[in-house]
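I have placed the structure first, in the form of structure tokens, so that the comments after it can refer back to it.
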Amino acid sequence: MTGTTFRARVLRVVAGIPPGRVVTYGDVATAAGRPRAARAVGNIMGSCSDSRIPCHRVVASGGQLGGYGGNVSLKRALLRAEGVLVVGTRIRQFADVRWTARLARRQRTR
DNA sequence: GCATTGACTAGGG
DNA sequence: GCCCTAGCCAATG
């Protein structure tokens, strides 16, 4: 995996997010190997045109919705459709819908 | 190869 | 709770 670019790793992580769950840009960056590249992740997301990449499950820190190419309303609708409780530009019960590889292992094993 | 941009984050007012 | 500032990173011109 030495030749894997940061971009590819980010897309890989986002593609692994299960329905009804969300992750912050910082979490994706960390999972990709660059804890400080949250901004870069956002840039990559804007370029992700693949339908297999659920970019709408990537949100900002603190449960903020973040952005969605200028159509935040659509992102809000998609998240709510998956069971995520969204109010205004924020996510309620963010800790309950937040997803990370480490948490996934915990809930999968138990 | 340098400068600008942008779906970010944390900290201070 | 909201607005502004500084810091960080990859992509693009």
Side-chain angles (χ1 to χ4, degrees):
Chain A
M1 291 290 237
T2 51
T4 313
T5 63
F6 178 70
R7 188 175 185 280
R9 278 183 273 181
V10 170
L11 294 175
R12 195 72 180 150
V13 174
V14 177
I17 304 174
R21 299 286 183 178
V22 295
V23 198
T24 68
Y25 294 95
D27 288 341
V28 176
T30 303
R34 291 284 187 271
R36 308 287 173 192
R39 205 166 190 173
V41 172
N43 243 22
I44 296 169
M45 290 289 108
S47 295
C48 95
S49 313
D50 295 280
S51 311
R52 46 209 169 175
I53 308 297
C55 27
H56 62 274
R57 288 178 195 152
V58 183
V59 300
S61 63
Q64 292 275 139
L65 280 183
Y68 200 70
N71 296 334
V72 187
S73 324
L74 177 59
K75 185 172 184 176
R76 193 188 338 171
L78 288 169
L79 290 173
R80 287 171 84 195
E82 294 190 349
V84 180
L85 186 56
V86 184
V87 180
T89 61
R90 287 264 238 158
I91 297 177
R92 296 294 185 182
Q93 304 294 305
F94 180 55
D96 291 335
V97 295
R98 192 177 185 180
W99 182 92
T100 55
R102 206 175 275 285
L103 290 178
R105 267 210 271 145
R106 185 198 293 189
Q107 70 174 32
R108 230 194 298 128
T109 320
R110 82 168 47 241

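Order of the sequence lines fixes the chain letters, A, B, ..., with proteins taken first and strands second; residue numbering starts at 1 for each chain.
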Legend entry - Crowding at CZ, A/Arg21 (>12 non-hydrogen neighbours, <6.0 Å): yes

Inset, instruction - When you get a sec, tell me which of B/dA7, B/dT5, C/dC9 is the closest nucleotide to the side chain of A/Ala37? - result: C/dC9

Legend entry - hydrophobic_cluster_shared for A/Ile44 and A/Val58, side chain cutoff 4.5 Å: yes

Inset, instruction - Take the protein atom CZ of A/Phe6 and the nucleotide atom C1' of C/dC8, then report the distance between them rounded to whole Å. - result: 11 Å

Legend entry - Residue whose nearest DNA chain C nucleotide is more 5′ - A/Ser47 or A/Gln64: A/Gln64

Inset, instruction - Test A/Val97 against every option in A/Val84, A/Leu79, A/Val59 by the side chain to side chain contact (heavy atoms under 4.5 Å, CB included) rule and name the one that passes. - result: A/Val84

Inset, instruction - Taking only the side-chain nitrogens and oxygens of A/Arg34, find out if one of them lies under 4.0 Å from OP1 or OP2 of C/dA10. - result: yes

Legend entry - Cluster overlap A/Phe6 with A/Tyr25, hydrophobic side-chain contacts below 4.5 Å: yes

Inset, instruction - Would you kindly give the OH-to-C1' distance between A/Tyr68 and B/dC8, to the nearest whole Å? - result: 18 Å

Legend entry - Residue whose closest nucleotide on DNA chain B lies nearer the 5' end, A/Ala40 versus A/Gly26: A/Ala40

Legend entry - d(CZ, A/Arg36; C1', B/dG11) in whole Å: 13 Å

Inset, instruction - For A/Leu78 and B/dA7, give me the distance from atom CG to atom P, rounded to whole Å. - result: 18 Å

Inset, instruction - Would you check if A/Asp27 and A/Trp99 make a side-chain contact, meaning some heavy-atom pair closer than 4.5 Å? - result: no

Legend entry - Closest to the A/Asn43 side chain, choosing from B/dT9, B/dT5, C/dC9: B/dT5

Legend entry - Nearest-angstrom distance from the residue atom CD1 of A/Ile44 to C1' of C/dC9: 9 Å

Inset, instruction - Could you tell me whether A/Tyr25 contacts a base, only the sugar-phosphate backbone, or nothing, with contacts defined as non-hydrogen atoms closer than 4.0 Å? - result: base

Inset, instruction - Considering just the side-chain nitrogens and oxygens of A/Ser61, establish if one lies under 4.0 Å of OP1 or OP2 belonging to B/dA10. - result: yes

Inset, instruction - Please work out if A/Ala38 contacts a base, only the sugar-phosphate, or nothing of the nucleic acid, heavy-atom cut-off 4.0 Å. - result: sugar-phosphate

Inset, instruction - Please state how far atom CZ in A/Arg39 lies from atom C1' in C/dA10, giving the value in whole angstrom units. - result: 11 Å

Inset, instruction - Check the distance between B/dA7's C1' and A/Arg57's CZ and give it to me in whole angstrom. - result: 17 Å

